[in-house]
Amino acid sequence: MGHTATQQAGSGGLTATEHRLANGLRVILSEDHLTPVAAVCLWYDVGSRHEVKGRTGLAHLFEHLMFQGSAQVKGNGHFELVQGAGGSLNGTTSFERTNYFETMPAHQVELALWLEADRMGSLLTALDDESMENQRDVVKNERRQRYDNVPYGTAFEKLTAMAYPDGHPYHHTPIGSMADLDAASLEDARAFFRTYYAPGNAVLSVVGDIDPEQTLAWIEKYFGSIPAHDGKQPPRDGRLPDTIGEQLREVLREEVPSRALMAAYRLPHDGTREADAADLALTILGGGESSRLHNRLVRHDRTAVAAGFGLLRLAGAPSLGWLDVKASGGVEIPAIETAVDDELARFAAEGPTPEEMERAQAQLEREWLDRLATVSGRADELCRFAVLFGDPQLALTAVQRVLDITPLEVQEVAKARLHPDNRAVLVYEPTPQSGTDAAGENEEEEADR
């Protein structure tokens with residue numbers, strides 16, 4: 001069952017066909033015979049925004065459990081079979097989805113489809129206390145390595161909690177808390193699977209050197225017999241006022257290499273023209289070495305060694321504009337913050353120059369085309385637009401939407417959102433002996449030994 005999409009204006013010649021199995025699984029196929037490879041991508045409409053208080057981190061923990069074996073694939077077999085066939089694979093969890101993906105030699109696509117179907121249809125057969133404890137420890141160790149024990153590691157978690165109030169579905173990040181990871185039971189995991197890992201809550205895309213008719217036949221064969229079930233509750237409402245209404249602020253004294261200023265600004269929801277305009281604004285202000293903030297702070301004032309400003313796109317809640325500035329030497333944060341606010345105010349008052357608009361649109365266009373040019377990137381974007389916005393075809397025209405944004409739209413979103421009363425701020429102050437000078441001394445001592 002399905003239909004073939006006609007080529008849309010602005011799609012760059014890319015096409016995709018859409019189908020739906022009787023059990024509710026949405027399928028998207030996109031032929032591309034440029035290279036003899038194909039990508040299989042499976043998005044489940046579940047992320048940390050679906051979690052409840054006391055059970056944070058369960059979506060991410062379950063992502064790991066999906067690699068612990070299923071009815072016909074024991075232990076680490078999923079990795080072994082894909083890599084043994086010359087493919088690569090992984091999975092990730094975000095606020096809004098969990099995805100699994102393989103890039104395979106074209107003649108091995110059937111294997112990837114069979115493996116994903118076996119997990120979707122029979123994971124509970126293999127899920128036991130041993131695999132639960134094994135992956136619980138893996139996730140806790142990941143949290144230590146990526147968040148708790150690295151400089152600035154908890155900044156994302158802290159700023160997210162500040163930008164989204166307590167009780168908001170985006171208040172906590174996908175990694176979850178140690179206490180909640182410890183509290184998660186085997187029955188919690190089983191209930192999570194039964195609720196969210198259903199055909200009707202998933203989108204499967206296959207992109208690359210494929211025969212669409214044969215590929216769809218394999219999908220029907222392996223996924224079609226998986227029973228439909230629908231126990232999922234919609235995610236809690238993530239809407240918030242357009243702006244925070246005040247400046248939220250926290251100063252941290254930690255063992256970090258240098259002072260840092262980080263901030264999160266509340267910006268428009270993904271999927272809107274305003275979000276695309278915000279993306280262009282942040283690209284002009286902090287997207288690379290030609291950006292305003294880099295030129296001001298790093299090149300001209302020399303108060304910072306790095307300055308970046310990027311957009312975390314979110315569909316179910318306001319997106320976040322992410323500012324990250326690392327200070328030079330003994331420079332104090334107030335000097336940097338004053339310069340940042342000066343640049344943002346000037347941009348809001350004057351808007352972008354024609355040259356800045358052209359450069360920013362070209363930069364975002366290149367990034368989009370780089371994604372769509374690879375089979376894995378296109379498969380992921382087709383799934384993303386299907387899950388979050390209901391229409392995978394929007395992925396093929398995203399570039400044109402960015403190019404259609406006007407300088408006035410960019411200026412308006414900057415004026416409305418990029419000001420001090422709409423941000424959460426983290427200031428990092430190094431503890432004694434943890435700054436740049438101390439680090440240099442430690443390195444010299446280590447070399448002497």
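Scope of the values below: all heavy atoms of this structure, side chains included, with no hydrogens, waters or symmetry mates.
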Q) So, Arg266 and Asp421, do they make that salt bridge, N to O below 4.0 Å? A) no
(Q) side chain to side chain donor-acceptor pair (under 3.5 Å) for Tyr222 and Glu116? Distances and angles first, verdict last. (A) CA-CA 9 Å; Tyr222 298 124; Glu116 290 294 358; over 6 Å; no
Q) Could you go step by step and tell me if Glu142 and His64 meet the side chain to side chain donor-acceptor pair (under 3.5 Å) rule? A) CA-CA 11 Å; Glu142 180 181 339; His64 284 255; 3.2 Å; yes
Q.
Using only atom types and a distance under 3.5 Å, with no angle test, would you say the side chain of His171 pairs donor to acceptor with the backbone of Tyr164?
A. yes
Q) Where is the tightest heavy-atom contact between Ser225 and Lys221, given as atom of each residue plus distance? A) OG-O, 4.5 Å
**Q.** Ionic contact status for Arg143 with Glu157, cut-off 4.0 Å
**A.** yes
Q | Donor-acceptor contact below 3.5 Å, side chain Thr397 vs main chain Gln400 | A | no
(Q) A quick test of your reading: do over 12 heavy atoms of other residues, nucleotides or ligands sit less than 6.0 Å from CD of Glu187? (A) yes
Q. Is it true that atom CZ of Arg144 has more than 12 heavy atoms of other residues, nucleotides or ligands lying nearer than 6.0 Å?
A. yes
Q: Go through the side-chain N and O atoms of Arg26 and Ser205 and say whether any donor and acceptor fall under 3.5 Å apart.
A: no
Q. Only one of Leu252, Val427, Leu159, Val425 forms a side chain to side chain contact (heavy atoms under 4.5 Å, CB included) with Met262, so which one is it?
A. Leu159
Q: Before giving the answer on side-chain contact (heavy atoms from CB on, under 4.5 Å), spell out for Asn134 and Gln68 the whole-Å C-alpha distance, their side-chain angles and the decisive distance to 0.1 Å.
A: CA-CA 9 Å; Asn134 177 287; Gln68 278 289 284; 3.9 Å; yes
Q | Gln393-Glu18 side chain donor-acceptor pair, cut-off 3.5 Å | A | yes
Q. Between Glu96 and Arg313, is there a side-chain N and carboxylate O pair less than 4.0 Å apart?
A. no
**Q.** Heavy atoms from other residues, nucleotides or ligands near CZ of Arg194 exceed 12 (cutoff 6.0 Å)
**A.** yes
Q.
Which heavy atom of Asp270 sits nearest to which heavy atom of Ala275, and what is that distance?
A. CA-CB, 3.9 Å
**Q.** Steps toward side-chain contact (heavy atoms from CB on, under 4.5 Å) verdict (Phe223, Leu21)
**A.** CA-CA 8 Å; Phe223 288 90; Leu21 303 192; 3.9 Å; yes
Q.
Between Gln363 and Gly287 (side chain of the first, backbone of the second, donor and acceptor by atom type, cut-off under 3.5 Å), is there such a pair?
A. yes
Q: Check the pair Tyr196, Phe62 against ring pair (Phe, Tyr, Trp, His ring centres under 6.0 Å), reporting the backbone distance first and the verdict last.
A: CA-CA 11 Å; Tyr196 295 108; Phe62 208 89; 9.5 Å; no
Q. Nearest heavy-atom pair of Leu29 and Pro212: which atoms, and what distance?
A. CD1-O, 3.6 Å
(Q) Test: side chain to side chain donor-acceptor pair (under 3.5 Å). Region: residues 75-87. Which pairs qualify, not counting sequence neighbours? (A) His78-Glu102
Q) Do Arg97 and Val46 pass the side-chain contact (heavy atoms from CB on, under 4.5 Å) test, and can you show the C-alpha distance, the side-chain angles, and the key distance before you say yes or no? A) CA-CA 5 Å; Arg97 58 95 183 106; Val46 58; over 6 Å; no
Q | Residue that, paired with Phe309, satisfies side chain to side chain contact (heavy atoms under 4.5 Å, CB included) out of Ile284, Val325, Leu344, Val340 | A | Leu344
(Q) Would the distance check show the side chain of Ser328 and the main-chain N or O of Ala304 forming a donor-acceptor pair, the cut-off being under 3.5 Å? (A) yes
Q.
For Thr56, is there any backbone N or O sitting under 3.5 Å from a side-chain donor or acceptor partner on Asp180?
A. yes
(Q) Quiz question: by atom type and distance under 3.5 Å, do the side chains of Thr93 and Glu63 form a donor-acceptor pair? (A) yes
Q) Backbone N or O of Ser185 within a donor-acceptor pair of the Asp188 side chain at under 3.5 Å? A) yes
Q. Any side-chain donor-acceptor pair under 3.5 Å between Ser48 and His50?
A. no
Q: Would you kindly check if the NZ (Lys) or CZ (Arg) of Arg119 is within the cone defined by 45 degrees around the ring axis of Tyr100 and under 6.0 Å from the six-membered ring centre?
A: yes
Q. Does Arg190 make a cation-pi contact with Phe193, if we ask for NZ or CZ under 6.0 Å from the ring centre and within 45° of the axis?
A. no
Q. Is a side-chain donor-acceptor pair under 3.5 Å present for Ser131 with Asp128?
A. yes
Q) Centroid-to-centroid, Tyr147 to Phe156, below 6.0 Å? A) no
Q: Decide yes or no on salt bridge (Lys or Arg N to Asp or Glu O under 4.0 Å) for Arg249 and Glu337, but give the supporting numbers first.
A: CA-CA 13 Å; Arg249 195 176 193 87; Glu337 196 164 5; 2.5 Å; yes
Q) Any salt bridge between Asp182 and Arg136, counting N to O under 4.0 Å? A) no
**Q.** Ion pair Glu381/Arg378, N-O distance below 4.0 Å
**A.** no
Q | Leu311 to Ser319 - nearest heavy-atom pair and separation | A | CD1-CB, 3.9 Å
Q.
With side-chain contact (heavy atoms from CB on, under 4.5 Å) as the criterion, how do Leu89 and Phe67 come out once you've worked through the C-alpha distance, each side chain's angles and the decisive distance to 0.1 Å?
A. CA-CA 10 Å; Leu89 72 161; Phe67 290 98; 3.8 Å; yes
Q: Decide whether a cation-pi geometry holds between Lys326 and Tyr152; the criteria are a distance under 6.0 Å from NZ or CZ to the six-membered ring centre and an angle within 45° of the ring axis.
A: yes
Q. So which heavy atom on Ser70 is nearest to which on Asp118, and how close?
A. OG-OD2, 2.6 Å
**Q.** Ion pair check, Arg55 and Glu51, cut-off under 4.0 Å
**A.** no
(Q) Side chains of Tyr265 and Arg417 only: does a donor on one sit below 3.5 Å from an acceptor on the other? (A) no
Q: Of all the heavy-atom pairs spanning Cys41 and Ala379, show the shortest one and how long it is.
A: CB-CB, 3.8 Å
Q. Under the 3.5 angstrom rule, does the side chain of Lys232 hit a backbone N or O of Asp45 as a donor-acceptor pair?
A. yes
Q. Sub-3.5 Å donor-acceptor pair from the side chain of Thr103 to the main-chain atoms of Ala39, do we have one?
A. no
Q.
Quick check against the 3.5 Å criterion: does Asn23 have a side-chain atom that pairs as donor or acceptor with the backbone of Pro227?
A. no
